[in-house]
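Numbers for residues simply follow the sequence, beginning at 1.
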Amino acid sequence: MPQSWPDILFYDYTKLPNRRDLPSNYHLTFSYSGHNVAACKQALANGMLVAVPFLKAPPVTWLGYPVIAVS
C-alpha cells in the first residue's frame with residue numbers, strides 16, 4: 001500500500017498495459033517480453049513507460065517513441 005507512505009516514491013514493473021488510478025507515489029513501467037508488442041503499443045498509448053532490452057546499441061526510436069538508454 002504505497003498510499004500508507006506518501007513521502008516515498010515506489011517503482012514497479014507490470015505486464016498489464018492498462019493499469020490506471022494508481023497512487024501518485026506509485027510508478028509502473030510496462031515490461032516488454034519479446035512477444036507482447038501489441039500490449040507495449042497499448043501501454044505507450046496509455047502514457048506508460050516501457051522497459052525494452054536491446055542486445056546492441058539502442059535505436060533512437062522504438063515503435064515510433066523515443067528511446068532513453070539507461071546502463
Side-chain angles (χ1 to χ4, degrees):
M1 296 188 140
Q3 53 272 48
S4 297
W5 296 280
D7 296 331
I8 298 174
L9 184 56
F10 293 84
Y11 291 92
D12 206 355
Y13 293 89
T14 184
K15 291 278 196 280
L16 303 174
N18 56 357
R19 298 275 309 264
R20 298 183 191 273
D21 300 323
L22 301 170
S24 61
N25 64 331
Y26 185 59
H27 175 81
L28 278 178
T29 296
F30 187 81
S31 296
Y32 173 63
S33 70
H35 305 285
N36 62 349
V37 172
C40 286
K41 290 178 181 179
Q42 183 181 2
L44 288 163
N46 288 338
M48 295 180 80
L49 296 178
V50 176
V52 181
F54 296 101
L55 295 177
K56 298 179 182 177
V60 174
T61 62
W62 186 73
L63 299 178
Y65 289 85
V67 172
I68 301 169
V70 179
S71 56

Checklist entry - Does one hydrophobic cluster hold both Leu63 and Val50, with members joined at side-chain heavy-atom distances below 4.5 Å? => result yes
Checklist entry - Under the 4.5 Å side-chain heavy-atom rule for ILVMFWY, direct or indirect, which residues accompany Val60? => result none
Item to check | For Ala45, all residues meeting side-chain contact (heavy atoms from CB on, under 4.5 Å), sequence neighbours excluded | outcome: none
Next on the checklist: Please enumerate all residues that pass side-chain contact (heavy atoms from CB on, under 4.5 Å) together with Leu55, with sequence neighbours excluded.
Outcome noted: none
Item to check | Nearest non-hydrogen partners of Leu44 and Met48, listed with the distance | outcome: CD2-O, 3.7 Å
Checklist outcome for this item: Across all chains, not counting sequence neighbours, the side-chain contact (heavy atoms from CB on, under 4.5 Å) partners of Val67 are Phe54, Pro58, Pro59, Trp62
Next on the checklist: Which residues pass the side-chain contact (heavy atoms from CB on, under 4.5 Å) test with Ser33, not counting sequence neighbours?
Outcome noted: Lys15, His35, Asn36
Checklist entry - Can you name the nearest heavy-atom pair linking Ser24 to Leu9, along with the distance? => result O-CD1, 4.4 Å
Checklist entry - Counting only heavy atoms not in Ile8, do more than 12 sit closer than 6.0 Å to its CD1 atom? => result yes
Item to check | Hphob cluster co-occupancy, Leu16 + Val52, side-chain heavy atoms under 4.5 angstrom | outcome: no
Item to check | Taking every non-hydrogen atom, the tightest pair across Cys40 and Phe30 | outcome: SG-CE2, 3.6 Å
Checklist outcome for this item: Residues at least two apart in sequence or cross-chain that pass ring-ring contact (aromatic ring centres under 6.0 Å, His included) with Tyr11, listed by chain then number, are His27
Next on the checklist: Applying a strict under-4.5 Å side-chain criterion to I, L, V, M, F, W and Y, I'd like to know whether Leu49 and Tyr65 cluster together.
Outcome noted: no
Next on the checklist: Which residues pass the side-chain hydrogen bond (donor to acceptor under 3.5 Å, both in side chains) test with Tyr26, not counting sequence neighbours?
Outcome noted: Asp12
Checklist outcome for this item: Residues Val37 and Tyr32: closest non-hydrogen pair is CG2-CE1, 3.8 Å
Checklist entry - Does any pair with a residue in residues 39-53 pass side-chain hydrogen bond (donor to acceptor under 3.5 Å, both in side chains), and if so which ones, sequence neighbours excluded? => result Arg20-Asn46
Checklist entry - Between CD of Gln3 and CZ of Phe10, what distance do you get to the nearest 0.5 Å? => result 9.0 Å
